[in-house]
Amino acid sequence: MKTLEEKVSFGGINGFYEHESDACGCTMRFAVYQPPQAKEGPVPVVTFLSGLTCTADNFTTKAGAQRVAAELGLMLVMPDTSPRGDQVPDEEGWDFGKGAGFYVDATEEPWSTHYNMHSYVTRELPALVDEHFPTQGPGYRSVFGHSMGGHGALVLALQAPDQWRSVSAFSPIVAPMRVPWGIKAFPKYLGEDRATWARHDATALVSERQHPTTILIDQGLADSFLDEQLKPELFEDACAAHGQALELRRHEGYDHSYYFIATFVEDHLRHHAAHLKG
């Protein structure tokens, strides 16, 4: 692991790092915020998964999460959204390819060689962070995300509830099988078998398995993607039908931007701290 830069923030350390990824077959960059409590001993980890077009920088520099993480003693881990590099295949457009990994392990060529973000964020990156930073290790991790990253967070937590102590999301893509972003990406990454798609669709997954904690979702009602791409009511109905505890908060006037995330990120970090330390 190579340190790119480290800056003191609210008594902790905000750093950017890179390493050679076996899962993605390229150099991957990620960010970590170590709260001041990490100087005294291991702390729990909250992983944030970013949305389409984003990198490790967006949440790290725009969300204003470090102040609350420092108060609560939470380490923040912010991975990239896809593999990067000249050898990594891409496609014109912003909603597929680089910056749009959808947190799946691709099975279709040419994407399967590098687009293995599911393995990266569930296995490789947690192991790397545990090796190099003072974490409490497995059993003390939570996950949240925004948009495509909200999709990733919900899917990861429903697939493996023992790995993630709690889960939350901002403006998540809750039913990618039924919206244009997913209908474009899933056949290319995963092939035409819709049963395979369902394993990466939170609304489909929650009908088969639930997370033991309440899922927190915040959604802005001025979000331009709300009606066509996000459709939170589909997940809300599925949770009600299958006994998944859900707190879905709708907010007048808020859109899809980091102004929205920055407004409510403290609530999400306190939600995760309550489960990680409770």
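Note that these values count all heavy atoms, side chains included, but never hydrogens, waters or copies made by symmetry. Remember, predicted model here, so these are calculated numbers, not experimental data.
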Say you draw a straight line from CH2 of Trp181 to CD of Glu228; how long is it, rounded to the nearest 0.5 Å? 8.5 Å
Given side chains that start at C-beta, do those of Pro212 and Pro161 come closer than 4.5 Å, heavy atoms only? yes
Tell me which one of Val206, Ile217, Asp201 satisfies side-chain contact (heavy atoms from CB on, under 4.5 Å) with Leu154. Ile217
Measure the shortest side-chain to side-chain distance between Glu192 and Thr196 over non-hydrogen atoms and say whether it is less than 4.5 angstrom. no
Could you tell me whether Phe260 and His146 have their ring centroids closer than 6.0 angstrom? no
If only atom types and distance count, is the side chain of Tyr120 paired as donor or acceptor with the main-chain N or O of Tyr115 below 3.5 Å? no
For the side chain of Asp255 and the backbone of Ala222, is there at least one donor-acceptor N/O pair under 3.5 Å apart? no
If you round to the nearest 0.5 Å, how far is CD of Gln244 from CD1 of Ile215? 3.5 Å
Would you indicate whether the side-chain heavy atoms of Phe235 and Pro172 approach each other to under 4.5 Å? no
Shortest non-hydrogen separation from Cys24 to Met117 and the atoms involved: SG-SD, 3.9 Å
Pro126 vs Arg141 side-chain heavy atoms within contact, under 4.5 Å: yes
Rounded to the nearest 0.5 Å, how far apart are CE of Met78 and OG1 of Thr55? 10.5 Å
Cation-pi check for Tyr140 against Arg165: NZ or CZ below 6.0 Å from the six-membered ring centre and within 45 degrees of the axis, yes or no? yes
Can you check whether Gly191's main-chain N or O pairs, donor with acceptor, with Trp197's side chain at less than 3.5 Å? yes
When you check the gap from the basic side-chain N to the acidic O, do Glu91 and Lys188 get nearer than 4.0 Å? yes
Tell me whether the NZ or CZ atom of Lys184 lies within the 45° cone about the ring axis of Phe96 and under 6.0 Å from its centre. no
On a heavy-atom basis, the closest approach of Pro79 and Thr47 is CD-CG2, 4.1 Å
Start with the C-alpha distance between Asp105 and Ser119, add both sets of side-chain angles, then the distance that settles side-chain hydrogen bond (donor to acceptor under 3.5 Å, both in side chains), and finish with yes or no. CA-CA 7 Å; Asp105 283 352; Ser119 290; 2.6 Å; yes
Donor-acceptor side-chain pairing of Thr135 and Asp130 below 3.5 angstrom: yes
Do any N or O atoms from the side chain of Lys98 and from the backbone of Gly85 form a donor-acceptor pair under 3.5 angstrom? yes
Paired with His19, the side-chain contact (heavy atoms from CB on, under 4.5 Å) test is passed by just one of Met28, Arg29, Lys2, namely Met28
Quick one, His132 and Val32 - any side-chain contact, counting heavy atoms below 4.5 Å? no
Side-chain contact, heavy-atom cut-off 4.5 Å: Leu76 with Phe48? no
Between His268 and Phe170, is the ring centre distance below 6.0 Å? yes
Quick one: closest heavy-atom pair of Leu52 and Trp94, and the distance? CD1-CZ3, 3.6 Å
When you group the ILVMFWY residues by side-chain heavy-atom contacts below 4.5 Å and let the links chain together, are Phe30 and Phe16 in the same group? no
Do Val104 and Trp111 share a hydrophobic cluster, counting only Ile, Leu, Val, Met, Phe, Trp and Tyr and linking them when any side-chain heavy atoms are less than 4.5 Å apart? yes
N/O donor-acceptor pair under 3.5 Å between Ser82 side chain and Gly101 backbone: no
Distance-only donor-acceptor check, side chains Gln66 and Asn14, under 3.5 Å: yes
How close do Ala69 and Leu269 get, counting heavy atoms only, and between which atoms? N-CD1, 4.0 Å
Is the His272 to Phe144 ring centre distance short of 6.0 Å? yes
Atom pair CG/CG of Leu221 and Asp227 - distance to nearest 0.5 Å: 9.5 Å
Assert yes or no for the condition that the ring centre distance of Tyr254 to Phe264 is strictly below 6.0 Å. yes
Can any side-chain N or O of Tyr17 pair as donor or acceptor with the backbone N or O of Glu5 at less than 3.5 Å? no
In terms of hydrophobic clustering (I, L, V, M, F, W, Y; side-chain heavy atoms under 4.5 Å; direct or indirect links), are Ile173 and Val167 co-clustered? yes
Pairwise side-chain contact, Tyr103 with Thr81, heavy-atom cut-off 4.5 Å (strictly under): yes
How many angstroms lie between CD in Gln34 and OG in Ser9, if you round to the nearest 0.5 Å? 12.0 Å
Would you call Arg250 and Glu236 a salt bridge, taking side-chain N to carboxylate O under 4.0 Å as the test? yes
Inter-residue atom distance Leu158.CG - Gln210.CD, 0.5 Å rounding: 8.0 Å
Hey, are Gln159 and His118 close enough side-chain-wise for a donor-acceptor pair under 3.5 Å? yes
Report the residues that fulfil side chain to side chain contact (heavy atoms under 4.5 Å, CB included) with Asp223, sequence neighbours left out, ordered by chain and then residue number. Ser171, Gln219, Phe225, Leu226, Leu230, His256
Checking side-chain polar atoms at under 3.5 Å, does Glu124 have a donor or acceptor matched by the opposite partner on Ser21? yes
Would you name the heavy atoms of Lys62 and Ala262 that are closest together and state the gap between them? O-CB, 4.1 Å
Check this for me: does any side-chain nitrogen of one of Glu71 and Arg270 sit under 4.0 Å from a carboxylate oxygen of the other? yes
Are any of the side-chain heavy atoms of Glu18 and Met1 separated by less than 4.5 Å? no
What's the verdict on side chain to side chain contact (heavy atoms under 4.5 Å, CB included) for Met75 and Val129, showing C-alpha distance, side-chain angles and the deciding distance? CA-CA 10 Å; Met75 183 177 296; Val129 170; 4.2 Å; yes
Do Arg84 and Asp80 sit within salt-bridge range, that is, some charged N less than 4.0 Å from a carboxylate O? yes
Centre-to-centre under 6.0 Å for Tyr189 and His114, is that the case here? no
Taking the six-membered ring for Trp, are the ring centroids of Tyr33 and Phe59 within less than 6.0 Å of each other? no
List the atom of Asp218, the atom of Arg249, and the distance in Å for their closest heavy-atom pair. OD1-NE, 2.7 Å
